[in-house]
Structures are given as C-alpha cells and as structure tokens.
Amino acid sequence: MLVIKDLRVSIEGEEILKGINLEVNAGEVHAIMGPNGSGKSTLAAILAGRDIYEINSGTVLYKGEDLLDKSPEERAKDGLFLGFQYPIEIPGVSMVNFMKTAINEMRKHRGEEPLSASEFLKKMREKKDLVEISSSLTNRSVNEGFSGGEKKKNEIFQMAMLEPQLAILDETDSGLDIDALRIVARGVNNLKSPHNATIVITHYQRLLEYIVPDFVHVLFNGRIVKSGGKELALLLEEKGYEWVRSEEVNL
Amino acid sequence: MSTITENISLKEQFLDLYRSSSKEIAVNSAPLMNTHRDKAIIKLEKLGFPSRGGEEYRYADIESVFKQDMEKSFGNQKININIREIFHCDVPDIDTNLFLLVNGMFYNNGQMLKELPGGIIAGSLSQAAKDYPGLVEKHYDRYAGSSKDGLVALNTAFAQDGIFIYAPRGVKMEKPVQIVNIMISEAGLMAQHRNLFVAEEDAELNIVVCDHSLSAHRFLTNSVNEVFAGERAQINLTRIQNEHNGSSQITHSFNHQETGSNLATNIISLHGGFIRNNVYVKLNGEHAENHSMGLYLSDKGQYIDNFVFIDHASPNCFSNQLYKGVMDDYASGAFTGRILVRRDAQKTNAYQSNNNILLTDDARMHSRPQLEIYADDVKCSHGSTMGQIDENALFYLRSRGIDHREARLLLMFAYTHEVIQNIKVKALRERIDDLVNKRLRGELSRCNNCAMQCG
C-alpha cells in the first residue's frame with residue numbers, strides 16, 4: 001500500500017529525514033516510535049502533503065502511484081488520513097459543514113452522489129457514538145474551544161467519518177487520560193480491516209497496549225534504526241531511548 | 001466647458017449650482033427642508049470640500065470623485081421604465097415593507113406616505129415634512145447640523161427627498177422596512193438623498209437599505225441619514241452596498257441615542273468603485289448601547305473607506321465597533337475608528353476591532369484607531385490586524401479532501417460570518433450569508449440584469 005524509499009527531507013536547509021525506508025501493506029498496523037525531534041511528525045506531514053519542506057531525494061508510492069506529486073486533497077480523496085498532533089481551531093466553520101463538505105468531495109471523487117441530509121446525520125450519529133464525542137462539540141466550530149482530549153477524539157471522529165484506507169495518527173495519544181486513550185484506541189481498532197492500514201506515531205509504549213501493532217519501528221535522528229514486532233515497544237519502554245542512542249553509535 | 005470647470009474650484013461650482021437651481025430645488029421639496037438650505041450653503045462656503053490634507057479624509061480622494069462629469073437634476077424626473085419589472089432584488093424572499101428611492105427621490109406609486117401597523121409612519125421625507133412638520137422639525141438636521149464636514153452641508157443644501165420612518169412610543173415594527181436605493185439614468189448622475197429614522201421611547205425599528213445601480217453610467221451619491229433612538233428604543237439598521245464599480249458612494253449616518261437605547265448598524269459593502277461610509281454615534285444618555293459593524297469585500301480597483309466616530313457623552317454606556325474586510329487584487333481602503341470618552345462619561349466600555357485579509361501584495365489597507373479619553377474610570381480596547389489566510393487552517397481542511405479553492409472559501413466565509421452573525425433579523429442574516437457567499441465565489445452580479453459587465 002505504502003512504499004517509502006530513501007526519503008530525504010529538509011526544512012530551511014537542515015536535513016530532518018535522512019533516508020527513510022518503510023513498507024506498509026493492507027491489513028497491517030505499524031507503530032513508529034522515537035524521541036522528540038527524531039523526525040516523526042515531519043514524516044507524517046510529508047505523507048499528508050504539507051508543502052513547507054524540501055524533498056531532497058527518495059520516492060513514496062501509495063497504492064502504486066507517486067504520492068509526493070499529489071496535492072493534500074488528492075491524497076485525502078485517495079484514502080489517506082492524517083490525525084494531527086495539534087488539531088487546528090477554525091472559528092466560524094461548523095463541524096457539520098466541514099464534515100459534510102469533506103465527505104461529499106470524496107464521494108464526488110469516487111463518482112458517487114452526495115449524501116442526503118438524513119443519511120449524513122445518521123452517519124454523524126453512528127460515528128459520534130463510536131468515539132463518545134458529544135453533540136455539543138459537533139455542533140460547534142471546528143475544534144474551537146475544545147480541550148486537548150476533545151481535539152484528539154475529534155480527529156478519530158473525523159477518521160471514522162471519512163473511512164480512510166491508510167490512517168497516520170501523529171501522537172494522538174499525547175495529552176490523553178486513560179479513558180480518552182481507550183476511546184481513541186477503540187475507534188482505531190473498529191476501523192481495522194484487511195483492506196486498510198494504520199501508522200501510529202507515538203512517543204510512549206502506552207497506546208500500544210490498546211492498539212496492538214504488527215510492526216514497530218524506531219525512528220532516531222531522521223532514520224529508522226530498528227524494526228521489529230510488538231515486543232520491540234516493550235524493550236524500548238524498559239531500556240529507554242538511551243539504549244537506541246548507544247546502539248546507534250555502534251551502527 | 002470642461003476647461004472652465006477645471007479652473008474654478010469644486011466649491012465654487014456647487015455654490016454656483018445652488019444659486020442657479022435653488023428655486024427648482026425648493027419647488028420639488030418641502031418648506032421645512034428648504035429653510036435649512038441657505039444656512040447650509042454658507043457653511044459649505046466656510047468649510048469647503050474635504051481634502052486629503054485634512055485628518056478625516058486622508059486616504060479618500062473626494063475631489064476626483066466630484067470632478068467626474070455628472071448631471072445634477074432637481075426637477076421631477078420621468079423614469080420611463082418599470083423599475084419593479086427590471087429590478088430583481090438580491091435579497092428576495094424576506095417579508096418586508098418595500099420603499100424605493102430612484103436617483104435620490106421617493107419613487108411614487110400613488111402613495112407618498114404609508115401607515116404601518118401600530119401607527120408607524122413610513123415613506124417620503126419631503127411629504128412627511130409637509131404632513132407632519134412638527135415631527136420632522138424636531139429631528140431634521142439636529143444631529144447632522146453640527147457636523148464639520150462640508151459634504152454634510154452640501155447634502156443639507158441640495159437634498160430634496162429621502163425616506164422617513166417614524167415609530168411612536170412603545171411600538172415595535174413587525175416586518176422590517178426595506179429601502180431600495182436605485183441609481184438609473186442615461187448619463188452620469190449625482191444624487192443626494194436624506195433619510196430620517198425616528199424611534200420614540202421603547203419603540204423598535206428594523207431597517208435594511210440596499211444600494212443598487214441599474215445602468216452602466218458613472219454615479220455619485222452623497223447621502224445623509226439621521227437616526228434618533230429615544231429612551232430604551234431599539235434600532236437595527238443594515239445597509240447592503242452593491243453598486244457597480246463605476247459608481248461612487250459617500251454615506252453619512254448620524255446616530256443619536258438616548259438613555260438605555262440600543263442601536264446596531266451593519267454596513268455590508270459588496271460592490272462599488274469608491275465607497276466612503278461615515279458613522280457618527282452620540283451616546284447621549286446613560287446605559288445606551290451601540291454596535292457599529294461593517295464588512296467589506298473588495299477587489300479589482302475598488303476603494304473602501306469606513307470612518308466611525310463614537311462619542312461617549314454620558315456615563316455607563318457601551319460601544320463596540322467591529323469592521324472586517326477581505327481585499328483582493330489591487331483594491332485599497334482605510335478604516336478609522338475614533339472613540340471619544342468625555343470627562344463625565346465614567347464607567348464607559350468601548351471596544352474596537354478592525355481585521356483585514358489582504359489576498360495579494362498589491363492590495364492596500366490603512367487602519368487607524370483613534371482614542372481620546374478624558375474620563376478616568378473606563379474600559380477601552382482596540383485592535384487592528386492585517387493578515388493572510390491562515391495556512392495551517394487551509395492545510396487542515398485540504399487534508400480532509402476539501403479542494404484548495406473550496407477550503408479558502410470556507411475560511412473566508414467563516415471570517416466574514418463574525419460580522420454577519422450580529423444581524424438580528426434572522427431571515428435577513430441568512431440572506432446576507434448567502435449574498436456574501438455568492439460574492440466570495442464571484443457569482444454575485446454587480447448590476448442586476450445589466451449586460452455591461454463593467455468594473
């Protein structure tokens with residue numbers, strides 16, 4: 001589904017990603033872990049189409065097509081979703097209007113009719129229940145005045161509404177209490193199918209107790225320095241990133 | 001002819017015009033209005049036309065607006081077309097009492113004045129000055145008369161008609177009054193109308209004014225509104241400016257508020273080549289509340305200039321100014337917000353905010369907050385921003401599959417909605433939302449049914 005080869009990216013002349021290689025197949029859950037500043041969020045933003053970076057070399061194929069050539073909206077329409085680490089507040093744009101516009105743009109892309117008002121509301125209700133987000137939030141402007149936890153739940157709500165094939169969740173767990181974490185995890189697990197894949201970017205192992213990854217990668221200093229099964233996350237938790245740092249020296 | 005006019009000053013031209021037309025002006029107006037003219041012309045002679053050297057019109061080139069070749073007509077014009085037939089209003093479907101002004105004169109369809117439910121009187125100002133001289137005299141030129149602006153004196157000297165709306169004590173208007181102000185002629189034309197809106201104690205008025213041009217000629221309007229809100233009266237006044245870009249419009253509104261009154265004005269400027277709106281508010285009694293708001297969407301060579309002056313003349317009053325705009329292409333403009341808190345106006349709350357989005361490097365906006373505070377126990381704030389579309393918000397929307405153009409429109413619409421949401425009449429608010437949405441999408445016609453896509 002996603003094949004990243006030797007991806008090198010810099011911002012304002014400073015290289016952040018120094019040759020990333022990663023392959024994600026349908027049905028898989030990948031966790032990318034790493035200390036602050038290792039390039040995790042840059043990788044997520046690059047995949048979603050943020051254009052403030054310079055891509056120096058490498059290729060990214062998504063469903064067999066060159067991803068880097070496409071606009072953010074084309075990527076989203078092709079089923080790619082980014083859960084933001086810091087969701088943006090947009091005063092004046094209602095959640096309902098936002099989601100209706102997004103869903104209908106995607107339906108148009110697939111050659112489908114727009115959802116009727118009642119179909120849309122039904123879908124809203126279903127997904128709202130799934131992530132236990134209250135109507136008082138979905139009736140407001142996008143993320144406006146939401147708490148940190150509510151914003152993260154709102155990301156998962158949007159993911160549930162848009163039903164992506166590849167979801168990239170950028171530190172969705174940061175700042176969440178244990179109840180919110182469970183709800184977020186349930187949203188992700190509910191969406192899991194043999195046809196789609198998830199990349200969970202996280203600093204801590206905690207989230208991975210609820211979302212069990214098939215693969216764990218350690219991103220360090222712009223490179224994936226270790227890959228393994230879910231047990232790698234436990235090892236990291238136990239030994240800390242210092243352990244990777246010393247391994248890095250030995251590489 | 002044109003060489004001669006260039007050699008004498010604008011002021012001289014209009015003084016001459018007054019001398020040669022004062023009889024015709026008077027015949028087609030009302031005695032009460034006529035008694036103010038000579039005094040006004042002396043004032044104009046003293047004040048002259050505003051120049052860019054002065055503080056108040058620093059960015060507005062009034063002289064070149066008045067120097068355009070335009071007819072001034074004071075007779076009873078015959079309009080040979082059925083205006084109701086050719087005019088398709090962009091604010092349809094809302095249930096209003098409709099009144100038309102054509103080239104500054106009340107458009108007579110048999111009835112000059114109407115009595116609305118509750119004893120509200122609405123219709124031609126000159127007719128009202130004849131039928132209800134006491135009522136009109138009590139307010140006419142009482143609030144505009146002390147103005148130091150030569151253009152206001154110009155209007156008082158020349159204005160022959162306009163709209164009069166009067167709500168007696170305790171009467172609340174059921175349906176809003178809609179005033180459609182139309183410019184239409186076969187050559188360039190200047191018009192100056194005068195409106196007077198009065199709400200007595202505990203009365204309520206809801207008024208919407210729509211400015212339109214129906215032929216592709218150069219128009220200039222220099223209009224004055226006087227608005228009186230009696231004790232605890234409520235007035236909601238919305239103006240939608242949608243003339244073509246070959247037209248110039250100068251509006252002066254003098255809003256006088258007594259104790260406990262609440263007055264809200266919203267000026268929505270969609271199209272028009274040169275627009276200058278002066279809003280003067282006098283808070284003359286305690287606990288009066290004023291909201292002066294404006295929204296402007298300007299592109300191409302449009303010039304938009306809003307000037308607001310809030311006079312806190314009494315203690316315990318509240319005022320809030322909110323002006324927002326989107327400037328595209330090489331449009332330019334200015335905002336000046338003046339707040340005067342007099343020495344005795346303790347416990348004043350006065351707020352002001354002017355936000356601008358500049359979409360191109362060539363768009364220009366000047367924003368000037370001016371606070372003069374002589375009382376010591378007041379709360380005042382002002383803020384002014386110039387910015388672009390928020391790139392982070394744009395990316396967020398696009399990352400959900402919303403196209404760049406649509407995402408931009410959503411953000412601009414959200415930005416403008418902050419002003420629109422203050423319009424109290426719900427049906428009107430929804431219509432204006434719709435109009436602004438169309439304007440942002442470039443789907444709003446400048447001139448209704450006009451084949452000339454001028455501007």
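Throughout, a chain's letter reflects where its sequence line sits, starting with A, and its residues are numbered from 1.
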- Task: Over 60° means perpendicular and under 30° means parallel, so classify the ring planes of A/Phe84 and B/Tyr396, tilted if in between.
- Result: perpendicular
- Message: Can you give me the closest heavy-atom contact between B/Ser399 and A/Ala76, atom names plus distance?
- Response: O-CB, 3.3 Å
- Task: Compare every heavy atom of A/Ala45 with every heavy atom of B/Phe395, then report the nearest pair and how far apart it is.
- Result: CZ-O, 4.5 Å
- Item | Within-4.5 Å side-chain heavy-atom neighbours: A/Glu105 and B/Asp403 | yes
- Side-chain heavy atoms of A/Ser71 within contact of B/Arg398, under 4.5 Å: yes
- Which of A/Pro72, A/Ser141, A/Gly92 touches chain B most, by non-hydrogen pairs under 4.5 Å: A/Pro72
- Relative to chain B, which of A/Gln158, A/Met161, A/Met106 shows the most heavy atom pairs under 4.5 Å? A/Gln158
Check each atom of [X] against the heavy atoms of chain B and say whether the ones under 4.5 Å are side chain, backbone, both or neither.
X	value
A/Asp51	neither
A/Pro164	neither
A/Asp78	neither

Around atom [atom1] of [X], are there more than 12 heavy atoms of other residues, nucleotides or ligands at under 6.0 Å?
X	atom1	answer
A/Lys100	NZ	no
A/Lys108	NZ	no
B/Phe413	CZ	yes
A/Asp66	CG	yes

- For the pair A/Arg50 and B/Glu391, find out whether any cationic side-chain nitrogen is under 4.0 Å from an anionic carboxylate oxygen. no
- Might you work through the side chain to side chain contact (heavy atoms under 4.5 Å, CB included) test for B/Ile402 and A/Phe98, ending with a clear yes or no? CA-CA 9 Å; B/Ile402 300 172; A/Phe98 171 45; 3.8 Å; yes
- Message: Can a donor-acceptor pair be found, under 3.5 Å and without considering hydrogens, that links the side chain of B/Arg400 to the backbone of A/Leu82?
- Response: yes
- Name the option with the most non-hydrogen atom pairs under 4.5 Å to chain A; the candidates are B/Leu410, B/Leu411, B/Asp390, B/Thr416. B/Leu410
